[in-house]
Amino acid sequence: MSDRDPQPVERQLPTEEARDLLALVREIAQREIAPKAAEEEDAGRFPREVFTLLSDAGLLGLPYDSEYGGGDQPYEVYLQVLEELAAARLTVGLGVSVHTLASYGLAAYGSKQQQVEHLPAMLGGGLLGAYCLSEASSGSDAASLRTKAVRDGDGWVITGTKAWITHGGIADFYTVMARTGEDGPRGITAFLVPGDAEGVSGAAPEKKMGMKGSPTAQVHFDGVRVGDERRIGEEGQGFAIALSALDSGRLGIAACAIGVAQAALDQAVAYATQRRQFGRPIADFQGLRFMIADMATQIEAGRALYLAAARLRDAGRPFAKQAAMAKLHCTDTAMKVTTDAVQILGGYGYTADFPAERFMREAKVLQIVEGTNQIQRMVIARHVAGPEGR
């Protein structure tokens, strides 16, 4: 309804290379991703060709070592790339975040030989990854997972079912957490499983209220045999690897949430400055002006919070508390901002003719994935007030 272009986000980037990178990402987002987003989400179509393009452009391995095909970019830059991609289409932004999460275990804990053998293809060879921790009966209580890996000669046999897996059934590789020992977190080991391994299969994708273009499915491991060379880290180290990965992954979700919120704000401002009632644009009315001001402030606060956490990570300092805070605040902000955007558009906001309703549906899942916001509050409270039951 409006030809008003959104104002570009004012970004503080550490290098000229980073500025050029963000310009490239915006170009790809505006040319290849955003124009098809509404149609393809409505059709439930996963844009695999976009991920191939991103891989060819070096955008699927940004925070990893260039020795293995990564981009050598700090998290401060990588997360802003995610934000731009998610603003164009959350399926793509979240997909890149999940792929980065799936690559983390091998990049951070793998042996040199494993990294040389597998990382170049994972980071820049057109492959797409998935992260397999959750199960139907172990979501927030991830340490109670039941998928088993049993030693068999010089390898392992993996049996079980993972649930709520982004890219489930279409991924080229899965980072799988499986039980190899005692109950609880110390009996879990991580494995890198090829997507085409015999015994790996994906169930029908879940029917979701949003992100319909991103397949979320159970993944079955029916006696899947992998060599010991595909074990990541030490036996029993898998849960520690999983939690370490999630600290970084939560920052990815936070950045995606701010991307969705920014897109919703841009839509709301464009509509409010064009739509006229009582002889003037509705953006002139104080009630809406204050809503827009609050939306913009919440987004800027969220962006500052996830970037502060990223800079701690880049400096090698502890950042788990700040990652949980960023995930909590940014995803709650996305839910609030997208709801307000629908309200500003009024009746039009409730129709599929405008993307506001899609943004609102998509924002909801960000409060759930990679640790619900109730779990984030538990994590934050432990850092601030100490563990429960002392």
Side-chain angles (χ1 to χ4, degrees), residues 97-111 114-115 118 122 129-151 155-168 171 173-193 218-221 224 226-253 313 318-324 327 368-383 386-389:
S97 181
V98 167
H99 175 83
T100 303
L101 178 69
S103 302
Y104 175 87
L106 196 70
Y109 292 87
S111 68
Q114 287 175 320
Q115 291 169 347
H118 298 295
M122 292 163 63
Y131 177 82
C132 295
L133 176 62
S134 294
E135 298 178 5
S137 60
S138 62
S140 296
D141 183 16
S144 67
L145 65 85
R146 306 315 306 167
T147 294
K148 290 186 177 181
V150 178
R151 271 200 177 275
W156 300 83
V157 177
I158 302 174
T159 303
T161 297
K162 294 295 181 177
W164 310 111
I165 306 304
T166 301
H167 304 154
F173 66 91
Y174 297 94
T175 295
V176 181
M177 308 302 162
R179 186 161 303 285
T180 56
E182 62 188 71
D183 289 344
R186 296 182 180 180
I188 297 170
T189 302
F191 297 89
L192 182 67
V193 179
Q218 290 189 347
V219 180
H220 305 298
F221 298 90
V224 178
V226 295
D228 192 55
E229 71 276 4
R230 283 187 170 268
R231 171 175 49 83
I232 302 172
E234 302 297 327
E235 288 185 48
Q237 194 180 14
F239 196 67
I241 292 172
L243 293 186
S244 180
L246 285 174
D247 284 340
S248 297
R250 285 165 180 163
L251 293 181
I253 299 302
R313 186 190 190 281
F319 69 99
K321 178 183 72 174
Q322 289 81 2
K327 199 274 184 182
I368 299 171
V369 295
E370 295 191 27
T372 66
N373 282 7
Q374 286 68 38
I375 290 293
Q376 305 312 313
R377 289 177 169 89
M378 291 173 63
V379 171
I380 295 163
R382 285 173 190 156
H383 280 280
E388 305 93 325

Nearest 0.5 Å, please: how far is [atom2] in [Y] from [atom1] in [X]?
X    : Y    : atom1 : atom2 : result
R230 : L106 : CZ    : CG    : 9.0 Å
W164 : S134 : CH2   : OG    : 9.5 Å
R179 : I188 : CZ    : CD1   : 4.5 Å
T147 : L133 : OG1   : CG    : 10.0 Å
E370 : Q376 : CD    : CD    : 9.5 Å
I380 : N373 : CD1   : CG    : 8.5 Å

Heavy-atom pair with the smallest gap, counting every atom of [X] and [Y]:
X    : Y    : result
A149 : I158 : CB-CG1, 4.0 Å
V379 : A324 : CG1-CB, 3.8 Å
D247 : A320 : OD2-CB, 3.6 Å
V224 : V193 : CG1-CG1, 4.0 Å
G168 : Y174 : C-OH, 4.0 Å
A102 : G129 : CB-C, 3.8 Å

Tell me, do F221 and T161 make a side-chain contact under 4.5 Å, heavy atoms counted? no
Within a strict 4.5 Å, meaning less than it, do heavy atoms of the E234 and Y109 side chains meet? no
For H99, give me all partners under ring-ring contact (aromatic ring centres under 6.0 Å, His included), at least two apart in sequence or on another chain. F173
Which residues satisfy the salt bridge (Lys or Arg N to Asp or Glu O under 4.0 Å) test with R151, sequence neighbours excluded? D228, E235
Are the side chain of [X] and the backbone of [Y] linked by a donor-acceptor contact shorter than 3.5 Å?
X    : Y    : answer
R250 : G252 : no
Y131 : A242 : yes
Q115 : A107 : yes
K327 : G249 : no

Report the C-alpha distance between F239 and L145 in whole Å, list the side-chain angles of each, state the deciding distance to 0.1 Å, and finish with yes or no for side chain to side chain contact (heavy atoms under 4.5 Å, CB included). CA-CA 10 Å; F239 196 67; L145 65 85; 5.5 Å; no
Taking 4.0 angstrom as the limit, do E135 and K162 come out as a salt bridge? yes
[X] side chain to [Y] side chain, donor-acceptor N/O pair below 3.5 angstrom:
X    : Y    : value
D141 : S144 : yes
T189 : Q237 : no
Y104 : S244 : yes
S248 : R313 : yes

For I165 and Q218, run side chain to side chain contact (heavy atoms under 4.5 Å, CB included): C-alpha distance rounded to whole Å, both residues' side-chain angles, the deciding distance at 0.1 Å, then the answer. CA-CA 6 Å; I165 306 304; Q218 290 189 347; over 6 Å; no
What do the steps show when you test F191 against I232 for side chain to side chain contact (heavy atoms under 4.5 Å, CB included), and what is the final call? CA-CA 5 Å; F191 297 89; I232 302 172; 5.9 Å; no
